[in-house]
Amino acid sequence: MKNKTDLNYQKTNIYEKRGDDYINLAEDYSVGYKKFLDSSKTERDCVKKTISLAVENGFKEYDFGMEIKPGDRYFYNNRGRSIYLFRVGSEPVDKGIRILASHIDSPRIDFKQMPIYEDGGFCFAKTRYYGGIRKYQWLALPLALHGVIVRKNGETVDICIGDDENDPVFYINDLLPHLAQEQSEKPLAKAISAENMNVLLGSRPCDDCDSECECKIKQNILKLLNKKYGICEEDFLSADIFAVPAGKARDVGFDRSLMSAYGHDDKVCAYPSLTALFETGDSSHTVMVVLADKEEIGSEGNTSMKSELFTDIMGAITESLGGNIYKVRANSKCLSADVTACFDPNYAEAYDPKNTTRINCGVAMSKYTGHGGKSSTNDAPAEYIAWLRKIFEEAGVVWQAGDMGRNDLGGGGTVAKFIANHNIETVDLGVPVISMHAPYEIVSKVDVYSAHTAFSAFCRL
Ligand code: MN
Ligand code: MN
């Protein structure tokens, strides 16, 4: 007969069960993560940062047609917006590839193609929001602009302004409470019009326009843009300009146990995927890390997880190693590394308290995501989860299981189903997040470190 503790399952709070050594490792790890975040606000920023880390760790750029052999480390830069990294293992590729897939795009406010206009003594940029935002959270907040403007001749102008403390910031206006009586009576989802979420760019008129000019403020902004970047208004036609929260990742709380930052979803899984790949050295399996774009808008397009590039790279690796792609896919395993909702006692009614993730209890597995009756989800099979339980136990990984929220309240998706559709065993495993999709989200340092240990175990075994 087993004793009571063997019969009952309980989540492990890392602070209660792990010693100072573990907690110090988590603290050290958080320093690197915060640095990574500060230079990875958009997918373009994140790809650049990832390439520099990959090169430091002995990875070389891959192109289709190259011969590869065991021990090789490569990255494939997909248009500067998504990236694949792989390390070739010593055993036959037919035994499958271990895949860690996360995404590096985060909700934000994008400029429209003809953004700049003047109104009421101000110059603004028209925007279209990207991903699932709660609009009210993005008002009256310092914003930075990140992105590129590409001139007709192909020259790329990098835009990155608002994060340095000497830079100006940008802003989306909110209505003062004194005059918000009508607005305050509207449902939350309807109170803010997306068409009013214009980014404030300035207010000073040009001093050498002729007196009839009706857009002196816009003219002045265009002149400044021309001086700083050498661009004119037409160049915004071919631009990706994103407004993101200005500022850096910070510790939260007197005990500094938490971190706030823009874009934990899903850099908080991308970073541990990279550190796991870099730190596990040589492994018998071939390991691949995918950092995908466009997850927040449904994984559409050639930089998303639905792109055929995934099958192309799997095929190219297999072909070069003399394997059989059907076998490789059938034997591959994937962790879809994406965040999940952490239980928040302030909104307890949104969760099933018995099946939710808890802060500081480690990286969280979601057997299924989706909505309603498991609609639009990869529902991971018991056999695969049992296999993971074993390798996590052997590696001393603290992890937990947890649903996104209460049944029929909403839901969400990840890239898991797109990978599983390729006949690859897949489950979601990621860091629990408080205030997901807010301009500043919260995660726990020990949970982030737990993701690193889980992904490392997956790469190593
Ligand atoms: Mn995500
Ligand atoms: Mn998301």
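Note that these values count all heavy atoms, side chains included, but never hydrogens, waters or copies made by symmetry. Keep in mind that this is a model prediction, so the values were computed, not measured. Counting convention: from 1, in listed order, for ligands and their atoms alike.
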Any idea which N/O/S atom from D265 gets closest to the Mn ion (ligand 2)?
OD2
Is there a side chain to side chain donor-acceptor pair (under 3.5 Å) between D428 and T414? Walk through the geometry before answering.
CA-CA 8 Å; D428 281 297; T414 65; 2.8 Å; yes
With sequence neighbours left out, write down each residue that passes side-chain hydrogen bond (donor to acceptor under 3.5 Å, both in side chains) with E61, or none if nothing qualifies.
none
Roughly, to 10 degrees, what angle do H437 atom NE2 and E296 atom OE2 form around the Mn ion (ligand 2)?
100°
Would you find more than 12 non-hydrogen atoms of other residues, nucleotides or ligands less than 6.0 Å from Y136 atom OH?
yes
Would you kindly check if the NZ (Lys) or CZ (Arg) of K267 is within the cone defined by 45 degrees around the ring axis of Y262 and under 6.0 Å from the six-membered ring centre?
yes
Which N, O or S atom name in D338 marks its closest approach to the Mn ion (ligand 1)?
OD1
Examine C269 and say whether one of its N/O/S atoms is closer to the Mn ion (ligand 1) than 2.8 Å.
no
